[in-house]
Amino acid sequence: MSRVLQYRDAKGVILLDILPQGQCINAARYCSTLDRLKEAIRRKRPGLLRRGVVLQHDNATPHSANLTQQWLQRYGWEILPHPAHSPDLAPSDFHLFGPLKRHLGGMAFETEDDLISELRNWFDNLDVDFFRVGINSLLSRWQKCIDLHGDYVEK
């Protein structure tokens with residue numbers, strides 16, 4: 001099964017990057033994805049690169065590797081800190097996966113390409129409010145995490 005890397009902001013999906021089946025994410029592959037993300041931002045969100053990009057990712061090895069850190073420094077991208085083991089701060093976990101599972105529930109796909117096509121279609125047809133609500137939820141969850149001195153938000 002391929003992996004789908006999805007990058008979004010309050011306006012919608014910026015990049016869906018499909019990792020071929022059997023391929024692992026390492027720092028070089030992650031930096032390659034960041035290159036594609038940078039180009040997608042340039043096309044879809046003109047001016048955002050000048051204002052500054054804040055990226056949220058966890059502390060996985062490809063994200064924290066020296067190669068990735070050098071890439072981020074070179075382009076001046078800021079990383080929103082992510083406390084270890086905090087899925088309650090990952091929008092995919094608290095905002096995306098539930099609706100996606102409900103959408104895909106009961107569907108059967110003959111090929112992986114059919115599934116990927118359905119994913120692209122689903123993301124393309126989401127209302128912009130879906131993305132805005134997810135980002136706003138992240139802001140309030142972050143504030144709660146700060147107020148709890150880095151502790152879990154959902155208990």
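Predicted, not measured: the structure shown is a model, and the values here were computed from it.
For C31 against T68, the heavy-atom pair with the smallest separation is SG-CA, 3.6 Å. For the pair Y7 and Y30, the tightest heavy-atom approach, listed with the atom from each and the gap, is OH-CE1, 3.4 Å. Taking all atoms of both residues into account, the shortest heavy-atom contact from A10 to F131 is O-CB, 3.6 Å. Counting all heavy atoms, side chain and backbone alike, R8 lies closest to S92 at NH2-N, 3.2 Å.
Using a cutoff of 4.0 Å between basic side-chain nitrogens and carboxylate oxygens, D147 and K144 are not scored as salt-bridged.
The number of heavy atoms from other shown groups lying within 6.0 Å of NZ (K11) does not exceed 12.
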Trace of the side-chain contact (heavy atoms from CB on, under 4.5 Å) decision for L55 with L37 | CA-CA 11 Å; L55 184 66; L37 177 59; 4.2 Å; yes
Output, in order, the C-alpha distance, side-chain angles, deciding distance and verdict of salt bridge (charged side-chain N to carboxylate O under 4.0 Å, His left out) for R29 and D17.
-> CA-CA 11 Å; R29 177 59 170 87; D17 189 31; 2.9 Å; yes
Pair R3-I18, side-chain contact (heavy atoms from CB on, under 4.5 Å): steps then yes or no | CA-CA 6 Å; R3 294 182 189 198; I18 311 299; over 6 Å; no
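Placement of M107 and L119 within a single hydrophobic cluster is found when ILVMFWY residues are connected by side-chain heavy-atom separations under 4.5 Å, directly or transitively. In the hydrophobic cluster analysis, where Ile, Leu, Val, Met, Phe, Trp and Tyr join through side-chain heavy atoms closer than 4.5 angstrom, V133 is grouped apart from V13. Connection of F97 to I135 is not established within any shared hydrophobic cluster, with ILVMFWY side chains joined at heavy-atom distances below 4.5 Å, either directly or through further cluster members. Placement of V128 and L100 in two distinct hydrophobic clusters is found when ILVMFWY residues are connected by side-chain heavy-atom separations under 4.5 Å, directly or transitively. Using a 4.5 Å cut-off between side-chain heavy atoms of Ile, Leu, Val, Met, Phe, Trp and Tyr, with links allowed through other members, L96 and I116 fall into the same hydrophobic cluster.
Annotation: side chain of L34 is not in contact with side chain of K38 (no heavy-atom distance under 4.5 Å). Side-chain atoms of R120 and S117, non-hydrogen and from C-beta on, never get closer than 4.5 Å to each other. Using a 4.5 Å heavy-atom cutoff, the side chains of F94 and R141 are in contact. Two residues are said to be in side-chain contact when any heavy atoms from C-beta on lie closer than 4.5 Å; L5 and L15 fail this criterion. Proximity of I41 to V53: side-chain heavy atoms (C-beta onward) are separated by under 4.5 Å at one or more points.
Evaluated for a side chain to side chain contact (heavy atoms under 4.5 Å, CB included) with L138, the options Q56, H95, Q143 yield exactly one hit, Q56.
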Donor-acceptor contacts under 3.5 Å from residues 71-81 side chains, at least two apart:
unit_1, atom_1, unit_2, atom_2, d
W71, NE1, D35, OD1, 2.7

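Between the N125 side chain and the N121 main chain, a donor and an acceptor come within less than 3.5 Å of each other.
With sequence neighbours left out, the side-chain hydrogen bond (donor to acceptor under 3.5 Å, both in side chains) criterion links D9 to R45. Legend: residues meeting side-chain hydrogen bond (donor to acceptor under 3.5 Å, both in side chains) with S32, ordered by chain and number and at least two apart, are R36.
Checking H63 against Q69 by side-chain atom types alone, no donor-acceptor pair falls below 3.5 Å.
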